[in-house]
Each structure stands twice: as structure tokens, then as C-alpha cells.
> 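Here it is, the structure, as C-alpha cells.
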Protein chains: 2
Amino acid sequence: MLSVIQSPAVAPVRQPAAIVLDGLHLNFGPGETIFDEGQPADRVYQLISGSLRTCRILRDGRRQIEAFHFAGDVFGLETGETYRAAAQTLGPCSVRVMPRAALDALAQERGDVARRLLELTTESLRRCQDHVLMLGRRIACERVAALLLDLAERTGAHALLDVPMTRQDMADYLGLTIETVSRTFTQFQHDGLIALPTTRKVLLRDRAALEEMVD
Amino acid sequence: MLSVIQSPAVAPVRQPAAIVLDGLHLNFGPGETIFDEGQPADRVYQLISGSLRTCRILRDGRRQIEAFHFAGDVFGLETGETYRAAAQTLGPCSVRVMPRAALDALAQERGDVARRLLELTTESLRRCQDHVLMLGRRIACERVAALLLDLAERTGAHALLDVPMTRQDMADYLGLTIETVSRTFTQFQHDGLIALPTTRKVLLRDRAALEEMVD
DNA sequence: CGGACCCTTGATAGCTTTCAAGTCAGGTGG
DNA sequence: CCACCTGACTTGAAAGCTATCAAGGGTCCG
């Protein structure tokens, strides 16, 4: 039901060894919810193609996106009873699903699987800590620059980025408003840091300057 | 060298089963650095008594505190080569130390130890995600209220809190400035939510109202 | 062509920061 | 015992960054 291989075909330019869930395949359209916050966390997923967001919502509607996920990423991994964030597709997505009970059982008997789960969790923690630093101590333009560079790295793009999310998604990930994100893009254009062939494509024209902003 | 027990004496009112590192004991004075960001991560620690902060610093000096730790907490757990944050004591601290290599080896051969490491990492991730939501989408007074309630819960205090950190530490944890934290405390006092017997003691007078702010 | 959604831009408001004093508490030494 | 010193904390005034409110433009699609 599950295999641990060196470099899964589904994750082209990504991390080292990855777990591959080998279960049911599901397809989702754009903007669909895979699971909701608070729902019983009885399944674990791996994204085969497409991209998605995980997010939490406060009572009054304020939304915080915790993470974006791309091909190869495992998501929906929980230790509690319920999902702590909702998972929603950004565009069409193909995912593999595995019952959590099965994964837990497998981790119980196979040390390498348990170890891989720890690696995945640690990687999430690392990203989350970077997110904290960004939200706590970086100004708007630094946050946007960090997101662009992260996107470039994770999607394996060199200079021309495909941006799968809306400005609102970016804002809710960066702890900003849609207007501030938009204005920052405009500013970056004027400063020659990026170009915007279309709304959803970003050409990095001065990566060094962007990296300088992030650290 | 290491045992997994139900409820260690070092952690009075805390989580379920906890790992206990059984190695060298060390004592630190107030404001001492246990390890620095970027240093080789070759040891794992458990706090026996006292409290500490883990933090990261940007080139220009901006500081973000990632977490506060209290008696029983394990810290310094890394999978990379180096520590990603520094650990500094808030007051006098007593810690146990274990070589990381030993812990890794033990996790390799004992499933329960490996599982406990995953639990610890997951718990850190859960806290980190709450931190992200707070920094991204909460206003100043909500952040301060959240910190006070978290402190109350983690130190087992009912109404009278001992605050082991400075206002600056709180600010750097909450993504605010020291002045804003101070003003918020003053405001809370005026509104009858808290009282401040001393600077470092907080009496929760209206916990319901504070909880209402946090969600 | 109309509608819906997304994005951009402008003007204004507001929360938090910055800058600047001033107060307070704890520890030291005369 | 008390003056003094230092670090921590509080408070005030002004500035600034980002949010809010509002309107307009663009694009895709039925």
C-alpha cells in the first residue's frame, strides 16, 4: 500500500526521498474542498498534480493560509482527531488517498516509514517557523519577495513563474490585504525587479535584489 | 540513557507521556545562551526547571521569538546540521543534555522512542501553526490575550501568573513592539481584565473576556 | 455583449511603530 | 539606611505602514 522510494516521478525537481501513498486516486476541480477544518482526520493525501492551499478561518471570517502545496507534497497528516486546517484546490488537482489507520499501522511495523513521517513533519515545522519569522518581523515587500522566491524554488521555475493562486490567497498567506499585495507587485515592476506578462505569470528580472530583501 | 514514562516528575501539570532524557545535567544563570543559531546541532535538551526562549535574528537585528519553553519541554531537536534558532534562558535553568547521535540511535532501534519524537515534533508544529494564525491575522490585544492564556495553561497557574519574560520578549514573540505590549497591558488593566500586582505578575480577573478575544 | 471574478488604483483612516521622556524597582556601595 | 545606578517598564506625541473604503479596468466565458 505504500512505498518509500528515492525520487518519485510525481515530484520532478523536489526534495530527496519521498513517501508515495499508493491508494485510491481522486480528481478535483478548481476551488474544491478536499477536507474541512474540524472534520475527522481519517485520511492522508499526496498531491499528484496541481496545487492547493491549507487554511484556517477565525469566527469573524479572517482567514490565514498556512501553506501552499505542490506536486509530490503529502498533506492531511494529523495526529489529533480532526483536521486543523481545510485543504482546498487552487486549480484542477489529482491526489492519492490512503486511510490514516493503514499508514499508522505501517509506520508501526516499518521503521523507515516512521522515519519518513518524522521527516515530513519536520519539514513542515521548518517551513512553519520561517512563516512565523516572516509574519512577525518582515514588512510587506519582504514578504512578497519571499513568497515569489519560495514559489520559484518549489515549482522548479527559473525566471518565469506560474502563479497558481489569487492575490487574495497570497494576501491571506502573507498576513496582508489583497490591495497591499497588488501594490507591492506594481512597485516591484516599477523598480525592475519583476515583470508581469499576465496576472498569473511573474518574470523574475532581478533575483539578486529579491534575495537581498529576504536576507 | 533514555526512558519513556507516563508522567515525569519534572513536568507537574503538563502533557501526557513524555520522554525523559537521562544524561548530563547542566545549570544556567539568567539570560545565558544554551546554544546559538547556526551552531552544530549535536545535542538534545530537556528543561528540568526554569524557562527559556528560542529565537532567530535577522541581519539588521530584528528578532523573532519562536517559542517559550517550560519545565518538561524538550528543545534543541533538529534534523539538520545546525540549530535553526538560539536557546536562551529567561531565568536560572536546569537542563538535561543528551548527545543527538545517541538519541538517533535509540530511535532507530526502539519504535516507541521514534514515535515519541514524532509526537514532540507534531506538538511543536501545532503550536507553530497557532503562532502563524496569530501573527498573520490577529490584532495586538488579541495576541497579548492569547499569550496570557497560553502562559496560564502551560504553567498550570489558575489566576495569578508568574511572567518569566520581559516585555521585550513578549513583543518579539507576538510580532509587536515593547511599547504596544505595555500599552495593551495598561488597557487590559483599565478594562478590568487583569491586574498587575508587580510587573512580572499578572492576575487574570476576567478570563472569559480574554478567551472571547482569542476565539 | 453581459456578467462574474479578479486585479489595480486612489483617497482616507487607523493601528502600530518610532522617537522621546519619564517612572519604577532592584541591587550596590557608601 | 539610603543615595545612586541600571535595566525594565510606562507614557506621550507624531509619523508611517498597511488597512479600509471605493471605484475603475481587464479578462474569461456563456
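Residue numbers begin at 1 in each chain, while the letters A, B, ... track the order of the sequences.
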> Picking from C/dT8, D/dT18, D/dC9, which would you name as closest to the side chain of A/Thr186?
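For A/Thr186, the side-chain atoms sit closest to C/dT8.
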
> Once you round to the nearest 0.5 Å, how far does CG of B/Leu125 lie from CZ of A/Arg126?
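Answer for the CG-CZ pair, B/Leu125 versus A/Arg126, is 12.5 Å.
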
> Whole angstrom is fine here: how far is it from CG in A/Leu196 over to C1' in D/dG26?
14 Å

> Could you identify which residues of residues 50-69 of chain A place a heavy atom less than 4.0 Å from some atom of DNA chain D, listed by residue number, or say none?
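The answer is none.
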
> Is the backbone of A/Gln129 close enough, under 3.5 Å, to the side chain of B/His131 for a donor and an acceptor to pair up by distance?
no

> Quickly work out the A/Arg137 CZ to C/dT17 C1' distance and round it to whole Å.
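One finds 10 Å between C1' of C/dT17 and CZ of A/Arg137, rounded.
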
> Do B/Arg143 side-chain atoms and B/Arg138 backbone N/O form a donor-acceptor pair below 3.5 Å?
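Yes; judged by distance alone, with no hydrogens or angles, the pair exists.
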
> Is there a side-chain contact between A/Leu77 and A/Leu103 (heavy atoms, below 4.5 Å)?
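Sidechains of A/Leu103 and A/Leu77: in contact.
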
> With a 3.5 Å distance limit and no angle check, can you tell me whether A/Arg56 reaches the backbone of A/Glu66 through a side-chain donor-acceptor pair?
no

> For A/Phe188 and C/dC7, what is the distance between atoms CZ and P respectively, to the nearest whole Å?
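Rounded to whole Å, this separation is 17 Å.
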
> May I ask you to decide if A/Leu133's main-chain N or O and B/Arg62's side chain share a donor-acceptor pair within less than 3.5 Å?
no

> Answer whether the closest heavy-atom distance between the side chains of A/Phe185 and A/Arg167 falls below 4.5 Å.
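A side-chain contact under 4.5 Å exists here.
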
> I would like to know whether A/Arg127 and A/Asp150 meet salt bridge (charged side-chain N to carboxylate O under 4.0 Å, His left out); could you show each step before the answer?
CA-CA 10 Å; A/Arg127 287 193 165 281; A/Asp150 187 45; 3.2 Å; yes

> Using whole Å, what does the distance between atom P of nucleotide C/dT17 and atom CD1 of A/Ile139 come to?
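From A/Ile139 CD1 to C/dT17 P: 13 Å.
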
> Between B/Leu90 (CG) and D/dA8 (P), how many Å, whole number?
12 Å

> Decide whether a cation-pi geometry holds between A/Arg154 and A/Phe68; the criteria are a distance under 6.0 Å from NZ or CZ to the six-membered ring centre and an angle within 45° of the ring axis.
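No; the conditions do not both hold, so A/Arg154 does not lie above the ring face of A/Phe68.
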
> Round to the nearest Å and state the distance from A/Met165 atom CE to C/dC5 atom C1'.
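After rounding, the reported distance stands at 18 Å.
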
> Is there a donor N/O on one and an acceptor N/O on the other, under 3.5 Å, for the side chain of A/Arg183 and the base of C/dG10?
yes

> Answer whether the closest heavy-atom distance between the side chains of B/Val202 and B/Leu196 falls below 4.5 Å.
yes

> Do A/Cys93 and A/Ser49 touch side chain to side chain, with heavy atoms closer than 4.5 Å?
no

> Once rounded to the nearest 0.5 Å, what's the spacing between atom CG of A/Leu117 and atom OG1 of B/Thr122?
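The OG1 atom of B/Thr122 is 9.0 Å from CG of A/Leu117, to the nearest 0.5 Å.
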
> What are the residues of residues 171-179 of chain A, sorted by number, that bring a heavy atom to within less than 4.0 Å of DNA chain D?
A/Gly175, A/Leu176, A/Thr177, A/Glu179

> Taking only side-chain nitrogens and oxygens of B/Arg200, does any of them come within less than 4.0 Å of OP1 or OP2 of C/dA25?
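For B/Arg200, the contact criterion (side-chain N or O under 4.0 Å from OP1 or OP2 of C/dA25) is not met.
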
> Give me, pair by pair, the N or O atoms of the protein and of nucleotides 27-30 of chain D that are less than 3.5 Å apart, along with how far apart they are.
none

> Taking atom C1' of D/dA8 as reference, at what distance in whole Å does atom CZ of B/Phe185 sit?
13 Å

> Round to a whole Å and report the spacing from CD of B/Gln187 to P of D/dT10.
14 Å

> Would you tell me if any nitrogen or oxygen in the side chain of B/Thr166 comes within less than 4.0 Å of OP1 or OP2 on D/dA8?
no

